[in-house]
Amino acid sequence: MTIEFTRELNPNPVPDGERARLLADPGFGRVFTDHMVTITWTADRGWHDARLRPYAPLALDPATAVFHYGQAIFEGFKAYAQPDGSIKTFRPDANARRFQKSAQRMALPELPVDDFVAATDLLISTDRAWVPRDGEKSLYVRPFMMATEVFLGVRPATHVTFAVIASPAASYFSGGLHPVSIWLSEEYTRAAPGGTGAAKCSGNYAASLIAQQQALAHGCEQVVFLDAVERRWVEELGGMNIYFVFDDGTLVTPPTSGTILEGVTRDALLTLARERGHAVDVRPIDIQQWRDGVASGRITEVFACGTAAVITAIGRLVWQGGELTIGDGGIGKVAQELRDALLAIQYGRTPDTHGWMHLVC
Ligand SMILES: *Cc1c(COP(=O)(O)O)cnc(C)c1O
C-alpha cells in the first residue's frame with residue numbers, strides 16, 4: 001500500500017496564456033509548475049504527512065542541518081507527451097531504486113519505491129497541462145530529499161523532507177544538438193573509492209563546480225574526470241556518463257564500480273546498442289588510450305549520456321597544454337542512431353518492447 005496524500009490545489013495557477021508562453025521556450029530548470037509534493041520523515045513516526053500542495057518557497061530555520069552539512073540527495077527523470085495524448089515517464093522505478101541507494105549512502109531514510117512513483121505520478125498528473133506537447137520537449141521531474149532537522153550537531157538528521165518539483169524543459173544544452181568541447185580535469189577529481197561518487201548527492205555537484213569553472217575558462221562546456229587513485233582512468237563527466245565508439249562498431253563504457261554514477265540512460269543504451277548489433281564492452285579506458293585511439297582513428301566517436309541531454313557528442317577534448325578533435329568534431333553516426341532510438345521510445349513513436357515506459361495519466 002502506498003502512502004495517502006492530502007491534496008491542496010493552487011488557488012492561483014499560472015494562467016493558460018502565460019503557461020503557453022513559458023512552454024514555447026522553457027529552457028532548462030528555470031520554470032516550475034503550479035504544484036509540488038512533500039513528505040515528512042521523522043525517526044519516531046517514519047514517513048508521514050504526504051501532501052500535494054501549491055508550489056511555494058520552503059521556510060526553513062537557518063540552523064536546518066542541510067544548510068550546514070549537505071545531507072541531501074536528488075533524482076531527475078522526464079515525463080513525455082505521447083501521440084495518443086497520454087503522459088508517460090521513463091523507468092521511474094529505476095530512479096526510485098537509485099534514490100534508495102543514494103539515501104543509504106548519505107544516512108537518509110529510504111523512501112519505498114511505490115511511494116516515490118506515487119508521489120511523482122501525482123505531481124505530473126495534477127500538472128499535466130505543463131507537459132509540453134511539441135518538439136523534443138518534456139517535463140523534467142526533480143525529486144529530492146534533505147535533512148530538515150534544526151540542529152547543528154553532526155549526526156544523521158531525525159527530521160527529513162522529501163519533495164518533488166517539476167519543470168518543463170527544452171533540451172539541456174543551450175545550443176541544442178551541437179557537439180560539446182570537454183575539459184579534462186587533471187587537478188580535481190569527482191569521486192574516490194569509498195566516497196560518494198555512486199550516490200546522486202548534492203555535494204558531488206558542489207565539488208565539481210570549480211572544475212566546471214575551469215572548463216568554461218578554457219572554452220569548454222563540460223568536464224571529464226579521471227579516477228582519484230591513479231589519475232589515469234576515464235570516469236565520467238560532472239553529471240553524465242561516457243561512451244567510446246570504436247571503428248569496428250564496438251562501444252565501450254567504464255564500469256560503475258563505486259565511483260561512477262549508475263545512469264539510467266547509460267543502462268538503456270547498453271541494451272539499445274546491443275539490439276542494433278553493436279558489441280558493448282564495459283571496461284576501463286585510460287586517458288592515453290583515448291588520445292591514441294583518436295589519433296589512430298580506432299576511436300571514431302565519444303559521447304556523453306544522461307536524462308537531461310539524452311546523448312551529447314563530444315567533439316573536442318581539451319587539457320592543460322593540448323587538445324584533440326574527435327572524428328570530424330561533429331555528431332557521430334552511432335551517437336545519432338542511439339539518440340534517435342531512445343527518443344523514439346520515450347516519445348511513443350516506436351513500440352516500447354522493454355517495458356520501460358510507465359503510464360502516468
Ligand atoms: C544523474 C547523473 C548521471 C546520469 O544519470 P541518468 O540516470 O542517465 O540521468 C551521470 N552521472 C552523474 C554524476 C549523475 O549525477
Side-chain angles (χ1 to χ4, degrees), residues 28-29 70 72-80 89-103 105-106 113 116-117 120 138-145 166-167 169 171-173 180 182 185 188-192 195-212 215 221-228 233-243 251 253-273 282 302-312 314 335 338-339 341-343 345-346 354 356-358:
F28 181 86
I73 58 172
F74 65 95
E75 268 302 329
F77 64 93
K78 288 174 171 177
Y80 308 87
T89 49
F90 184 74
R91 304 180 70 184
D93 55 313
N95 295 87
R97 285 191 300 273
R98 187 170 70 189
F99 198 57
Q100 289 187 319
K101 281 206 215 170
S102 299
R105 178 62 184 82
M106 302 307 289
V113 168
F116 179 101
V117 175
T120 52
S138 57
L139 184 69
Y140 183 79
V141 182
R142 168 54 61 88
F144 59 106
M145 192 194 294
S167 172
S171 59
Y172 186 73
F173 293 108
V180 293
I182 299 284
S185 182
Y188 300 107
T189 57
R190 196 194 78 89
T196 58
K200 216 169 172 74
C201 65
S202 308
N204 286 347
Y205 279 70
S208 74
L209 295 178
I210 189 168
Q212 179 69 26
E221 285 102 325
Q222 294 282 314
V223 185
V224 63
F225 290 99
L226 300 175
D227 78 287
W233 304 103
V234 178
E235 296 219 306
E236 61 172 318
L237 278 59
M240 298 177 90
N241 297 117
I242 194 164
Y243 270 92
L251 272 72
T253 191
T256 55
S257 45
T259 54
I260 296 178
L261 199 286
E262 285 184 38
V264 178
T265 315
R266 172 187 178 279
D267 182 70
L269 293 178
L270 290 174
T271 300
L272 293 180
V282 177
V302 185
F303 63 83
C305 63
T307 295
V310 193
I311 285 182
T312 302
I314 300 176
L338 293 175
R339 188 177 196 277
L342 184 53
L343 289 173
I345 295 170
Q346 292 172 332
H354 308 91
W356 283 340
M357 301 307 289
H358 165 77

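Whatever order the structure lists ligands and atoms in, that order sets their numbers, starting from 1.
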request  = Can you spot which of Phe28, Phe77, Phe74 makes a ring-ring contact (aromatic ring centres under 6.0 Å, His included) with Tyr140?
outcome  =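 Of the listed residues Phe28, Phe77, Phe74, the ring-ring contact (aromatic ring centres under 6.0 Å, His included) partner of Tyr140 is Phe28.
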key: Mutual orientation of the aromatic rings belonging to Phe99 and Phe116 [parallel < 30°, tilted 30-60°, perpendicular > 60°]   =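 Ring orientation, 0 to 90° scale: tilted.
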In the protein, what heavy atom is nearest to [atom], and what distance, to one decimal place, separates them?
atom: atom 9 (O) of ligand 1; answer: Thr307 OG1, 2.6 Å
atom: atom 15 (O) of ligand 1; answer: Tyr205 OH, 2.5 Å
atom: atom 8 (O) of ligand 1; answer: Thr265 OG1, 2.6 Å
atom: atom 5 (O) of ligand 1; answer: Gly263 CA, 3.3 Å
atom: atom 1 (C) of ligand 1; answer: Lys200 NZ, 1.4 Å
atom: atom 11 (N) of ligand 1; answer: Glu236 OE1, 2.5 Å

task = Kindly say whether Gly195 contributes a backbone atom to a donor-acceptor pair with the side chain of Arg105 at under 3.5 angstrom?
result =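 Side chain of Arg105 to backbone of Gly195, a donor-acceptor pair under 3.5 Å: yes, one is there.
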ask   = Can you name the nearest heavy-atom pair linking Gly76 to Asn95, along with the distance?
value =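 Smallest interatomic distance, heavy atoms only, reads O-ND2, 3.2 Å.
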request  = Could you pull out the closest heavy-atom pair between Ile182 and Leu237, with the gap in Å?
outcome  =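 Looks like CD1-CD2, 3.6 Å.
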message = So, 4.0 Å and heavy atoms of Ala94: is ligand 1 close enough to count as a contact?
response =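 Outside the 4.0 Å threshold, so no.
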request  = Return yes or no for this condition: an N or O of Arg190 is under 3.5 Å from an N or O of ligand 1.
outcome  =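 The answer is no, given that Arg190 and ligand 1 share no N or O pair closer than 3.5 Å.
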query = Are any of the N or O atoms of Arg266 closer than 3.5 Å to those of ligand 1?
reply =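 No; every N/O pair is 3.5 Å or more apart.
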request  = Kindly identify the option in Ala191, Gly76, Ala268, Gly239 whose heavy atom sits closest to atom 3 (C) of ligand 1.
outcome  =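 Shortest heavy-atom distance from atom 3 (C) of ligand 1: Gly239.
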task = Would you check if Phe225 and Thr259 make a side-chain contact, meaning some heavy-atom pair closer than 4.5 Å?
result =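 They are not in side-chain contact.
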query = Are any of the side-chain heavy atoms of Leu338 and Leu251 separated by less than 4.5 Å?
reply =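 Answer yes - side chains close enough.
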task = State which residue, out of Ile311, Val310, Thr271, fulfils the side-chain contact (heavy atoms from CB on, under 4.5 Å) condition with Leu342.
result =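 Output: one option passes, namely Val310.
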request  = Just let me know how Leu261 lines up against ligand 1, side chain, backbone, both or neither, with a heavy-atom cut-off below 4.0 Å.
outcome  =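 It is the side chain that touches ligand 1; the backbone stays farther off.
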task = Run the salt-bridge test on Arg266 and Glu236 with the 4.0 Å N-O cut-off and return the result as yes or no.
result =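 Salt bridge flag = no for Glu236 with Arg266.
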query = Which ligand 1 atoms are under 4.0 Å away from a heavy-atom of Gly238?
reply =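 Those of ligand 1 that fall under 4.0 Å from Gly238 are 13 (C).
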query = Atoms of ligand 1 less than 4.0 Å from Arg98 heavy atoms?
reply =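 That gives atoms 5 (O), 6 (P), 7 (O) of ligand 1.
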